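Encoded as structure tokens, the structure appears first; notes follow it.
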Amino acid sequence: MDSMDTLFQALASAPRRRMLDLVKDRPGITVGAVCEQFEMSRIGVIKHLRVLEDAQLLLSEKKGRSRHLHFNVVPIQQVYDRWTTDYSELWASRLTQLKYTLENRPEDEE
């Protein structure tokens, strides 16, 4: 499966998006602390977290008996870059041209 497919499938679930928000807002949050925020079983939460890790949206770090989670922005940035870079370059270029045109107009045209 394509990594973009994996990413979009991971983001398609509302509970996973909420988990991702928790991890983003609280870097280093433990798996146990994430589990406390949901009414589903611990195993259910862990399955969702595994999907997020498989999509490389979460990085986990083992410290003693607990696992700490961190948000990985790289896959989101890759999606952004894939679909916006061409458009941003086009509009940045056009806005720059407009700026120079307006700045270089003779004063009597203003």
Side-chain angles (χ1 to χ4, degrees):
M1 181 183 301
D2 180 282
S3 64
M4 286 282 179
D5 291 340
T6 304
L7 174 67
F8 283 113
Q9 285 180 344
L11 292 172
S13 164
R16 286 196 287 263
R17 289 191 305 271
R18 190 166 152 233
M19 290 174 193
L20 200 56
D21 286 337
L22 281 169
V23 174
K24 178 183 68 70
D25 293 341
R26 294 175 53 192
I29 189 173
T30 63
V31 170
V34 172
C35 291
E36 291 171 1
Q37 302 298 314
F38 293 87
E39 293 183 13
M40 68 179 79
S41 70
R42 180 178 178 85
I43 291 176
V45 171
I46 290 171
K47 285 181 180 181
H48 282 294
L49 292 173
R50 191 169 301 126
V51 170
L52 291 169
E53 283 185 76
D54 290 345
Q56 299 179 351
L57 289 164
L58 287 183
L59 303 172
S60 68
E61 169 186 28
K62 185 92 167 151
K63 288 184 182 176
R65 294 184 58 169
S66 59
R67 217 167 35 121
H68 297 261
L69 303 170
H70 300 274
F71 174 63
N72 180 17
V73 72
V74 172
I76 302 290
Q77 186 65 48
Q78 289 172 329
V79 168
Y80 176 82
D81 290 345
R82 179 176 175 171
W83 281 289
T84 62
T85 304
D86 293 339
Y87 296 109
S88 5
E89 288 173 10
L90 170 74
W91 287 108
S93 171
R94 288 189 177 177
L95 287 172
T96 302
Q97 288 173 347
L98 177 61
K99 176 183 183 287
Y100 289 137
T101 301
L102 292 173
E103 289 177 349
N104 294 319
R105 282 191 325 184
E107 288 187 28
D108 59 342
E109 288 184 28
E110 294 177 4

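Given the structure is predicted, the values throughout are model-derived calculations rather than measurements. One-based numbering along the sequence shown.
Remark: the backbone N or O of Asp2 is paired with a side-chain donor or acceptor of Thr6 at under 3.5 angstrom. Although no hydrogens or angles enter the test, the distance criterion places no donor-acceptor pair under 3.5 Å between the side chain of Arg26 and the main chain of Ala33.
Annotation: side chain of Gln97 is not in contact with side chain of Tyr100 (no heavy-atom distance under 4.5 Å).
Shown here for Ser60 and Arg67, the closest heavy-atom pair between the two residues is OG-NH1, 3.5 Å. The shortest non-hydrogen separation linking His70 to Val23 is C-CG1, 3.5 Å. Across all their heavy atoms, Gly28 and His68 have their closest contact at O-ND1, 2.8 Å. When every heavy atom of Phe71 is checked against every heavy atom of Leu58, the shortest pair comes out as CA-CD2, 4.4 Å. Shortest non-hydrogen contact noted between His48 and Ser13 is CE1-OG, 3.8 Å. Minimum interatomic distance between Pro75 and Ala55 (heavy atoms only, all atoms of both residues): CG-O, 3.8 Å.
We find the CG-CG distance between Asp54 and Leu49 to be 11.0 Å, quoted to the nearest 0.5 Å. Between the CE atom in Met19 and the CD1 atom in Ile29 there is a gap of 10.5 Å [rounded to 0.5 Å]. Considering CD of Gln9 and CG of Leu11, their distance stands at 10.5 Å, rounded to 0.5 Å. For the atom pair CG of Leu7 and CD of Gln78, the computed distance is 8.5 Å after rounding to the nearest 0.5 Å. Note: Glu36 CD to Leu22 CG = 11.0 Å, rounded to the nearest 0.5 Å.
By the rule that hydrophobic residues join a cluster once side-chain heavy atoms approach within less than 4.5 Å of another member, Ile46 and Leu59 end up as members of separate clusters. One hydrophobic cluster, built from ILVMFWY side chains closer than 4.5 Å, holds both Phe8 and Leu20. One hydrophobic cluster, built from ILVMFWY side chains closer than 4.5 Å, holds both Val73 and Leu57. Using a 4.5 Å cut-off between side-chain heavy atoms of Ile, Leu, Val, Met, Phe, Trp and Tyr, with links allowed through other members, Val31 and Val51 fall into different hydrophobic clusters.
Residues passing the side-chain contact (heavy atoms from CB on, under 4.5 Å) test with Leu95: none are found, sequence neighbours excluded.
With a 6.0 Å radius and a threshold of 12 heavy atoms from other residues, nucleotides or ligands, Gln56 has its CD atom at or below the threshold. When the shell of 6.0 Å around CZ of Arg17 is examined, it contains more than 12 heavy atoms from other residues, nucleotides or ligands. Residue Glu61 places its CD atom among more than 12 non-hydrogen atoms of other residues, nucleotides or ligands, all under 6.0 Å distant.
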